[in-house]
Structures are given as structure tokens and as C-alpha cells.
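Data block below; observations after.
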Protein chains: 2
Amino acid sequence: MRISEVSKIFDISSDTLRYYEKIGLIGPIKKEGNIRNYNEDDLNRINFVKCMRSANLPIEVLIKYMKLFEEGDETIKERRDLLVAQQGELAKNIADLQAAYDRLSYKIDLYDKQLLEKNLK
Amino acid sequence: MRISEVSKIFDISSDTLRYYEKIGLIGPIKKEGNIRNYNEDDLNRINFVKCMRSANLPIEVLIKYMKLFEEGDETIKERRDLLVAQQGELAKNIADLQAAYDRLSYKIDLYDKQLLEKNLK
DNA sequence: ATAACACTTAGACCTCACTCTAAGTCAAGT
DNA sequence: ACTTGACTTAGAGTGAGGTCTAAGTGTTAT
């Protein structure tokens, strides 16, 4: 599969896909001649990366994870620990977002009450 | 209250507090002579900003909100709508983080099973 | 009175994660 | 034959959000 198709499927620009490859996050992708040909494994990795990036996991961490993966079974424990650490960070982030969400809800309620009063006057 | 104390209380650097003021996010703070003296209102605003920033609401949006606030009661509806829009964004973000969290949980489970098997061999 | 420390300013610099540009290759359609 | 359009590369540029520096002015403890 060509880069343009992958780009469409995942809504990630071709530039970004090449960038991810250059920094060692998803490659190297095998080429036919000079043109990248993404296989299913590649797509799975991109899918994972996209999911993690959309939750703001740092690229550096994901690169580290991918490198451990390449190193084989000896790194299973280390990979697990890395994921657990990131999960912890995520839990904190979710709590922060939730706190802001709740606070917004509260404020919106107040505004709605004010608007209602205004209309009654 | 001086900037250094505010900085400690909220764990926001003095640089950042001054930066927020410069860009119109939390000021202007009244000064005694040449030195900022934060009052309770200021602290409340900083508290709100900190909460929203920790959920990644863009600074530009917060500046807009603060400006509407200064403009008085005519902007209540507009402020409400702005908050509702941000709440919507937040809901999306929370869903993304949650999806990543769940995926990590799943993967961690798999690793734990692998590690268990390894130990049994 | 002098050292140490908190404060001030303007503006340069930094990190992250892309995003874009320039210059070029190659294959297919008209 | 030639244009169109997707692909390639290296490397420069961008935007958000701070963070740091330099040079200077008070204020307080010894």
C-alpha cells in the first residue's frame, strides 16, 4: 500500500508518515524500487502509534517502545513496565481533563441560570 | 501577595505568570510601586486558568474568555457558548485518552500473561 | 554599608511535533 | 513528446507555550 493511501486511511499526512519513519518510530518500510510499500504489520503499528499519539504519549516514549520490540523477547518485562508507566500518566491526565470538564459544566449551569433570569425580567 | 508566593502556591513559574499577564490572560495585576500585588480575584482567575490549561485548553481561547468577561453582562451568552464548545472538545479528548488507556490495559494484560508463562517453564 | 535576594523589563531562545520547500525522479495517460 | 501527478530526499520553517538571559532597581539582614 502506498503512502498516499495510508495517509488517507489514518488521516496522517504523508509528511508525518515519512517523519515517523525517519525518527525510527514506524519503519523502516520496505520499498518497491524507490517507493514505500506499507504492509499489514506496518498498518498495525501505525494504528497503535496513532492511538497513543492522540492521547499525547510522547514520541520519544513510543520510539523507545518500538526499539524494545525489535530487540525481541528479552525486553518483554521492560516493555510492560514502560506501558504501565504511561498508563499511570494517562490516568493523571484523564483526571485533569475530567476536573476541567466538571468545572466547565458547573460554570455553564451558572450561565444558563443567569440567562434564564434575564429572560424572565 | 507577591509573585513568588503565587508561584509556589500554584506551582507556576514567575516567568509564566508574567507571561500570562503580558498576553492578556490574567491581568493586569495591580502594583505596589513596581511590584505586583496579587489579590484574591487574581488568584481565583489563576486557579481557573491553571485548571483549564492542565486540560490543554488553548491559551487563545482562555484569553478570549477573559476578554468577554471584562466586557460585562452583554457577553454572558457568548461566554456560555464558548465554554460549551470547549466542553465538547474536552469530551472528545477524554474519549481519546480513555481509548488509549484501555488499549494499554489490554496490552499490559497480554504481557503479564506472557511473563507468567515464562516463569512456569 | 554592603551582601544577598526578590523584583523588574525586553527580548532572545528552547522544545515538541510536525509541516513545508526545493529540487528532482519516474510512470501513466493524451 | 510531453504534461500530469505521485513519489523521493534533505533540510528549513512554523506555532504553541513557555523558559531563560541580561541588565538593572529596590529591600532586608548582618
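Chain letters run A, B, ... following the sequence lines, proteins first and then strands; every chain starts at 1. Atom set for the values below is all heavy atoms of this structure, side chains included, hydrogens, waters and symmetry mates excluded.
The side chain of B:Arg18 places no N or O atom within less than 4.0 Å of a non-bridging phosphate oxygen (OP1 or OP2) of D:dG18. Side-chain N/O atoms of A:Thr16 include one lying less than 4.0 angstrom from OP1 or OP2 on C:dT19. Contact annotation: B:Ser14 side-chain N/O to C:dA6 OP1/OP2 distance is not under 4.0 Å. The shortest distance between the side-chain N/O atoms of A:Arg2 and the OP1/OP2 oxygens of D:dA6 is not below 4.0 Å. Dashed line: the shortest gap from a side-chain N or O of B:Tyr20 to OP1 or OP2 of D:dG18 is under 4.0 Å.
Contacts of B:Lys31 with the nucleic acid, taken as non-hydrogen atoms under 4.0 Å apart, involve only primed sugar atoms and P, OP1 or OP2. A:Asp15 comes within contact range of at least one nucleobase, with a heavy-atom separation under 4.0 Å. Note on B:Arg36: only backbone sugar-phosphate atoms sit closer than 4.0 angstrom, heavy atoms only; bases stay farther off.
Inspection of the B:Glu89 and B:Asn93 side chains reveals no N or O donor paired with an N or O acceptor under 3.5 Å. B:Asn44 and B:Glu40 share no side-chain donor-acceptor pair at under 3.5 Å. For the 3.5 Å distance criterion, the side chains of B:Ser13 and B:Thr16 qualify, holding a donor opposite an acceptor.
Atom C1' of nucleotide D:dA6 and atom CD of A:Glu5 are separated by 13 Å, given to the nearest angstrom. B:Lys50 places its NZ atom 15 Å from the C1' atom of D:dG18, with the value rounded to the nearest Å. Summarising the geometry, the separation between NZ on A:Lys8 and P on D:dG5 is reported as 13 Å, rounded to the nearest angstrom. When the P atom of C:dG11 is taken as reference, atom CD of B:Glu21 falls 17 Å away, rounded to whole Å. The separation between B:Lys30 atom NZ and C:dC7 atom P is 20 Å, rounded to whole Å. At whole-Å resolution of the value, CG in A:Leu17 and P in D:dT9 are 13 Å apart. Atom-to-atom, CG of A:Leu62 to P of C:dC18 comes out at 10 Å; the value is rounded to the nearest Å. Atom CG in B:Leu57 sits roughly 14 Å away from atom C1' in D:dA16 (whole-Å rounding).
Between A:Asn34 and A:Ser13, the residue whose closest nucleotide on DNA chain C is further toward the 5' end is A:Ser13.
Residues B:Tyr111 and B:Tyr106 place their aromatic rings such that the two centres sit no closer than 6.0 Å. Checked against the 6.0 Å centroid threshold, A:Tyr65 and A:Phe48 count as a close aromatic pair.
Closest to the side chain of B:Tyr19, out of D:dG17, C:dC7, D:dC7, is D:dG17.
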